[in-house]
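Here's the structure, in structure tokens; my notes come after.
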Number of protein chains: 2
Amino acid sequence: MLLLTEIEKVIPVPKEMEEAIRKKFTELHCLKTERLQQAGKIARNLFFIEKGLARIFYHNHTGKDVTYGFYTESDFVTVPESFYTQSASKYSMEMLEDGLVYSISYKDLKQLLSNFPQMQHLENKTLQSFLLKASERIVALQFQTASQRYNSLMKKQPSIIMRAPLGAIASYLGITQETLSRIRNRK
Amino acid sequence: MLLLTEIEKVIPVPKEMEEAIRKKFTELHCLKTERLQQAGKIARNLFFIEKGLARIFYHNHTGKDVTYGFYTESDFVTVPESFYTQSASKYSMEMLEDGLVYSISYKDLKQLLSNFPQMQHLENKTLQSFLLKASERIVALQFQTASQRYNSLMKKQPSIIMRAPLGAIASYLGITQETLSRIRNRK
DNA sequence: GTTTTCTTTTGATATGGATCAAAAAGTGAT
DNA sequence: ATCACTTTTTGATCCATATCAAAAGAAAAC
């Protein structure tokens with residue numbers, strides 16, 4: 001179980017904690033295109049991807065669908081600003097492949113955290129890694145060209161490029177499908 | 001003291017905690033252009049801006065100076081990925097005005113957090129607000145035009161526009177000085 | 001006040017990427 | 001296989017923004 005392995009990387013997991021985790025996280029078999037989060041609704045759950053690929057996206061002012069991020073094996077995912085404040089999300093989340101994810105509700109997570117305070121450390125780490133990724137994106141979007149960003153993505157998450165549809169990747173990079181297609185087919 | 005007021009917004013601050021906070025946070029009178037953080041060094045301190053304006057910036061591959069973010073009254077600031085992992089920072093931080101900031105070292109913060117575990121909540125909240133801001137930046141950089149981004153900044157942090165030099169604002173928005181100057185002087 | 005230095009503005013030109021349109025390739029259902 | 005639908009590629013044109021260069025304005029130093 002990847003989930004436990006990942007947690008153990010951050011904090012020691014005694015037997016009782018392991019059991020509590022197994023109890024609170026629900027196994028979810030998901031199909032491609034399945035929505036794990038709807039824009040306008042509160043993000044009630046934190047997910048962990050055991051297998052598969054998901055993306056968070058939103059519709060911008062012109063109605064175009066823009067990918068905020070991709071998430072895959074070993075990633076925790078949620079819409080943080082919705083989940084942590086339990087307020088409506090501006091983003092949706094969908095599976096891009098069939099997969100297996102573990103899900104825990106906000107309430108259950110809070111309970112787990114109060115029963116096992118060491119787990120706060122995990123929450124912190126997760127937030128930190130969200131933030132780190134976000135910072136990198138900002139830096140990339142600020143002053144790199146489209147193809148530099150494409151190349152970085154290819155280095156950092158090559159599987160995304162193989163697995164996600166071109167349109168979703170393009171909007172993630174801040175460019176149109178057409179431009180991405182052209183970038184691919186030269187050099 | 002703004003620092004305490006801000007903390008009280010998130011958690012109750014009993015007398016002993018207040019005293020501990022006053023003891024651990026050092027008052028720092030800063031001059032314009034002063035560096036509170038150097039790229040290449042570990043971010044040893046978390047700062048709270050009581051008065052003044054600061055920015056975090058980095059030098060990109062072409063050697064150009066790019067503003068990552070602006071921070072002003074009531075803001076906590078540090079280079080999170082350096083501070084939380086105590087590893088070398090890619091970013092520098094400088095004051096853009098004379099000001100007053102409170103500073104706490106990583107070690108002292110950890111100690112404060114273990115003496116007053118409720119403060120973990122504060123750390124979490126701070127991380128969340130860093131993340132929220134970062135998400136908004138990404139969305140803006142992904143698919144808004146330069147002048148849309150300028151207008152949003154004007155709405156959200158009008159004081160930045162009055163107080164920061166144009167070059168620093170331009171790179172923050174992901175555009176050149178010249179373009180920003182032109183955006184300003186039309187419409 | 002004059003000189004030096006830094007910051008902002010203005011101008012001319014070049015270019016990366018958007019947009020619109022349509023063809024080609026791929027995927028799925030019947 | 002065939003038809004309908006989705007995704008990707010290719011082409012032509014246009015525009016926002018970069019780049020390079022230099023003038024104008026403001027702030028700091030003498």
Side-chain angles (χ1 to χ4, degrees), chain A residues 31-35 53 55 57 59-67 70 94-98 137-154 159-187, chain B residues 31-35 53 55 57 59-67 70 94-98 137-154 159-187:
Chain A
L31 295 176
K32 187 171 172 174
T33 80
E34 191 168 335
R35 293 279 163 99
L53 176 66
R55 69 167 186 142
F57 66 100
H59 290 101
N60 75 0
H61 48 108
T62 66
K64 264 188 202 154
D65 145 341
V66 178
T67 301
F70 293 105
E94 70 174 2
M95 295 300 290
L96 294 175
E97 295 175 351
D98 297 353
R137 298 280 312 282
I138 291 174
V139 167
L141 288 167
Q142 260 176 327
F143 276 107
Q144 284 180 221
T145 63
S147 51
Q148 286 174 326
R149 275 175 266 147
Y150 178 73
N151 289 331
S152 311
L153 179 64
M154 206 146 59
S159 80
I160 302 296
I161 284 167
M162 307 307 294
R163 293 158 76 182
L166 175 128
I169 299 173
S171 67
Y172 175 81
L173 295 172
I175 56 181
T176 59
Q177 297 192 43
E178 293 93 326
T179 299
L180 180 52
S181 173
R182 284 184 243 266
I183 287 173
R184 274 188 173 170
N185 296 25
R186 67 171 187 245
K187 70 149 133 179
Chain B
L31 296 175
K32 188 172 168 171
T33 79
E34 194 168 333
R35 294 279 163 98
L53 176 66
R55 69 168 185 140
F57 65 100
H59 290 100
N60 74 0
H61 50 108
T62 67
K64 264 188 200 154
D65 145 344
V66 178
T67 301
F70 293 105
E94 71 174 1
M95 294 300 290
L96 295 174
E97 295 175 351
D98 297 355
R137 298 280 311 284
I138 291 173
V139 168
L141 288 166
Q142 259 176 329
F143 275 107
Q144 284 179 221
T145 64
S147 49
Q148 286 173 325
R149 276 175 266 149
Y150 179 73
N151 290 331
S152 311
L153 179 63
M154 208 146 57
S159 79
I160 302 295
I161 284 166
M162 307 307 294
R163 294 158 75 183
L166 176 128
I169 299 172
S171 67
Y172 174 81
L173 295 172
I175 56 180
T176 59
Q177 296 192 44
E178 293 93 327
T179 299
L180 180 52
S181 173
R182 284 184 242 266
I183 286 173
R184 272 188 175 170
N185 296 25
R186 69 172 185 244
K187 73 148 137 178

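Below, read A as the first sequence line, B as the second, and so on, with proteins coming before strands; counting in each chain starts at 1.
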| message | Quick check: on DNA chain D, is the nucleotide nearest A:F143 upstream (toward 5') of the one nearest A:T179, or the reverse? Name the residue that is more 5'. | response | A:T179

Between [X] ([atom1]) and [N] ([atom2]), how many Å, whole number?
{"X": "B:R149", "N": "D:dT17", "atom1": "CZ", "atom2": "C1'", "answer": "10 Å"}
{"X": "A:I183", "N": "C:dT15", "atom1": "CD1", "atom2": "P", "answer": "17 Å"}
{"X": "B:I169", "N": "C:dT7", "atom1": "CD1", "atom2": "C1'", "answer": "12 Å"}
{"X": "B:Q142", "N": "C:dA18", "atom1": "CD", "atom2": "C1'", "answer": "16 Å"}
{"X": "A:Q148", "N": "C:dG17", "atom1": "CD", "atom2": "C1'", "answer": "14 Å"}
{"X": "B:N60", "N": "D:dA18", "atom1": "CG", "atom2": "P", "answer": "13 Å"}
{"X": "A:L180", "N": "D:dT9", "atom1": "CG", "atom2": "P", "answer": "8 Å"}
{"X": "B:N185", "N": "C:dG11", "atom1": "CG", "atom2": "C1'", "answer": "14 Å"}

Side chain [X], main chain [Y], donor-acceptor under 3.5 Å:
{"X": "B:S181", "Y": "B:Q177", "answer": "no"}
{"X": "B:D65", "Y": "B:H59", "answer": "no"}
{"X": "B:S152", "Y": "B:Q148", "answer": "yes"}
{"X": "A:Q144", "Y": "A:L141", "answer": "no"}

Distance in Å, [X] [atom1] paired with [Y] [atom2], rounded so as to fall on 0.5 Å steps:
{"X": "B:Q142", "Y": "A:I138", "atom1": "CD", "atom2": "CD1", "answer": "11.0 Å"}
{"X": "B:S147", "Y": "B:M154", "atom1": "OG", "atom2": "CE", "answer": "10.0 Å"}
{"X": "B:E34", "Y": "B:L31", "atom1": "CD", "atom2": "CG", "answer": "5.5 Å"}
{"X": "B:I161", "Y": "B:R184", "atom1": "CD1", "atom2": "CZ", "answer": "6.5 Å"}

| Residue-phosphate contact under 4.0 Å: A:K64 side-chain N/O, C:dT19 OP1/OP2 | yes

Show me the protein contacts with nucleotides 20-26 of chain C, counting only N or O atoms at under 3.5 Å.
from: C:dC20; atom 1: N4; to: A:E178; atom 2: OE2; distance (Å): 3.3

| said: Check A:R35 with A:E94, please: is the shortest side-chain N to carboxylate O separation under 4.0 Å? | reply: yes

| note | Per atom distances to the B:T176 side chain, the nearest of D:dA18, C:dG17, D:dT9 is D:dA18

| field | Listed partners of A:R137 passing salt bridge (charged side-chain N to carboxylate O under 4.0 Å, His left out), at least two apart | value | none

Do any side-chain atoms of residues 166-174 of chain B form donor-acceptor pairs under 3.5 angstrom with protein atoms, and if so which ones, sequence neighbours left out?
from: B:S171; atom 1: OG; to: B:T67; atom 2: N; distance (Å): 2.8
from: B:S171; atom 1: OG; to: B:T67; atom 2: OG1; distance (Å): 3.3
from: B:S171; atom 1: OG; to: B:A168; atom 2: O; distance (Å): 3.3

| request: Let me have a per-nucleotide readout for nucleotides 24-30 of chain D, 5' to 3', with B, S or -, counting only protein heavy atoms under 4.0 Å. | output: -------

Contacts under 3.5 Å, N or O only, protein and nucleotides 4-8 of chain D:
from: D:dT8; atom 1: OP1; to: A:L166; atom 2: N; distance (Å): 3.0
from: D:dT8; atom 1: OP2; to: A:L166; atom 2: N; distance (Å): 3.1
from: D:dT8; atom 1: OP2; to: A:G167; atom 2: N; distance (Å): 3.4

| Looking at five pairs on each end of the helix from C:dG1-D:dC30 to C:dT30-D:dA1, what is the angle between the two axes, given to 10 degrees? | 50°

